[in-house]
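Heavy atoms only: backbone and side chains are in, while hydrogens, waters and symmetry mates are out. Computed from a prediction, not measured in an experiment: that's the story for all the values here. In what follows, chains carry the letters A, B, and so on, assigned in the order in which the sequence lines appear, proteins first and then strands, with residues in each chain numbered from 1.
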Protein chains: 2
Amino acid sequence: MTLMPHSRPYHHGDLRAALLISAERTLREKGAAALSLRELARDIGVSHAAPGRHFKDKQALLDALAMTGYSRLHQLLEEAVVPDIPLGPHITALARVYLTFTVENAALVELMYARKHDPDIDAPLADAVERSMRSFVRLIEDAQRRGEIVAGDPERLTLVAAAGIHGLAGLVTTGALTADAALAGLDEHIHLILHGLKPR
Amino acid sequence: MTLMPHSRPYHHGDLRAALLISAERTLREKGAAALSLRELARDIGVSHAAPGRHFKDKQALLDALAMTGYSRLHQLLEEAVVPDIPLGPHITALARVYLTFTVENAALVELMYARKHDPDIDAPLADAVERSMRSFVRLIEDAQRRGEIVAGDPERLTLVAAAGIHGLAGLVTTGALTADAALAGLDEHIHLILHGLKPR
DNA sequence: ACCTGAACACCGTTCAAGT
DNA sequence: ACCTGAACACCGTTCAAGT
């Protein structure tokens, strides 16, 4: 009757990773509001106090989750930055990556942009954003050198393009626009950002 | 010894309004996460079950709060739409109103854009957004008639401008940009949206 | 019609004690 | 080093009962 050993060992093995994986699953399936440390612990099969060993509090787990989000988004954006592509299609490709990531990870993105990270973690997070922005700025600078973008502070010009794409993603996230509509009109959208709303 | 009547009558008078006012105060001062129905009730001086008479649950109160936010923003935007102003300054004025509202009501705006409203309340909320967008579309249509904006679907052109402004506000909200920097560069930002990033 | 008080089923966090 | 179990101070929601 006691041939079967405990199916759950006293030590989990890698509870920290298990918590992050389980948390992101809950985030995706039920949203941030439904994320409870106790439920996570139950699902994984540890006591409700166990998560406290790996994350000082719930916010620390959310911060870690946000950080993985930034890493993955950064990775995807880097892959979309390739040499010798015309400016328009290049920016469109970046925008497509950003939009798609936002749609497929809506709750995670909401977490990434939440303004309530610990001050300790705020700097790393700001760095992550900064790193992702850098390659975009370089893209604009290169285009300026070729005369394909107007002269002026490249950070400002990048801001205008980034805000346009970020805003489009935001409208999709909040449901003002469907993801399909945004993706279908993306070429045209980027064209209008590059060429302006005024007649030439 | 009993000359002083109860300082708190059994019936509050207008508990519903008091809850909304108190809730928005908490939202502004401590954020959405710190908003508790029980604490609201304590502050106002009613039992913790009293809010249940006026809002079926916490989400219903948040929905009502979001609705007041949309009303106020709509009102401010309407006031910024006045006849006989050149297109650039007109759009800049609208953007300034939007940015300022977003900065001054960050937590409320977050609530307004949260994708977790009851399906019952979702339609009224979508209407509120639609109404605010209408006057912007009309602005673009008028400019098209005067030849100040390129031909094309006015809804799409409005989307590009609105996404640009919405995205800028989003970057301020998440801390990627200071409110001062966004407001200081607003004229230039709108100019770039209208004239494009490509040289003419 | 409006509110109270008790009850229920949850939370996050802490901390002595166990392995 | 890592985890448990009990305890504490909170939640939101419901519902009979009070005014």
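In the set D:dT13, C:dC3, D:dT4, C:dC3 carries the atom at the smallest distance from any side-chain atom of B:Ala50. Of the candidate nucleotides D:dT13, C:dT13, C:dT4, C:dT4 has the atom nearest to the side chain of B:Ala49. Among the nucleotides D:dT4, C:dA7, C:dC3, the one closest to the side chain of B:Arg38 is C:dA7. For B:Ser36, counting side-chain heavy atoms from C-beta on, the closest listed nucleotide (C:dC15, D:dC11, C:dA6) is D:dC11.
B:Arg200 contributes a side-chain N or O that, together with a main-chain N or O of A:His195, makes up a donor-acceptor pair within less than 3.5 Å. No side-chain donor-acceptor contact under 3.5 Å links A:Ser22 to the backbone of A:Ala18. With hydrogens and angles disregarded, a donor-acceptor distance shorter than 3.5 Å links the side chain of A:Arg28 to the backbone of A:Glu104.
The aromatic rings of A:His166 and A:Tyr113 lie perpendicular to each other, with more than 60° between the two planes, well past the 30° mark.
In this structure, the CG atom of A:Asp43 is 14 Å from the P atom of C:dC10, given to the nearest Å. The CZ atom of A:Arg53 sits 11 Å away from the P atom of C:dT14 (whole-angstrom rounding). Straight-line distance from the NZ atom of A:Lys58 to the P atom of C:dT14: 15 Å, rounded to whole Å. As rounded to whole Å, 12 Å separates atom P of C:dC2 from atom CZ of B:Arg16. In this structure, A:Leu35 places its CG atom 17 Å from C1' of D:dC11, rounding to the nearest Å. The distance between atom CG of A:Asp57 and atom P of C:dG12, rounded to the nearest whole Å, is 11 Å. Atom P of nucleotide C:dC3 and atom CG of B:Leu19 are separated by 9 Å, given to the nearest angstrom. Between the C1' atom of C:dC2 and the CZ atom of B:Phe55 lies a distance of 15 Å, rounded to the nearest Å.
If you check every strand for non-hydrogen atoms under 4.0 Å, A:Arg42 touches sugar and phosphate atoms only. Using a 4.0 Å heavy-atom cutoff across all strands shown, A:His54 reaches sugar-phosphate atoms only and no base atom.
Residue order along DNA chain C, read from the 5' end via each residue's closest nucleotide, puts B:Leu15 first among B:His48 and B:Leu15.
Under 3.5 Å, the side chains of B:Glu78 and B:Ser135 contain a donor-acceptor pair of N or O atoms.
Across the strands present, C:dG5 finds its partner in D:dC15; the criterion is a Watson-Crick or G-U wobble pair with both atom distances under 3.5 angstrom. The partner of D:dC10 is absent, by the rule that a Watson-Crick or G-U pair needs both atom distances under 3.5 Å.
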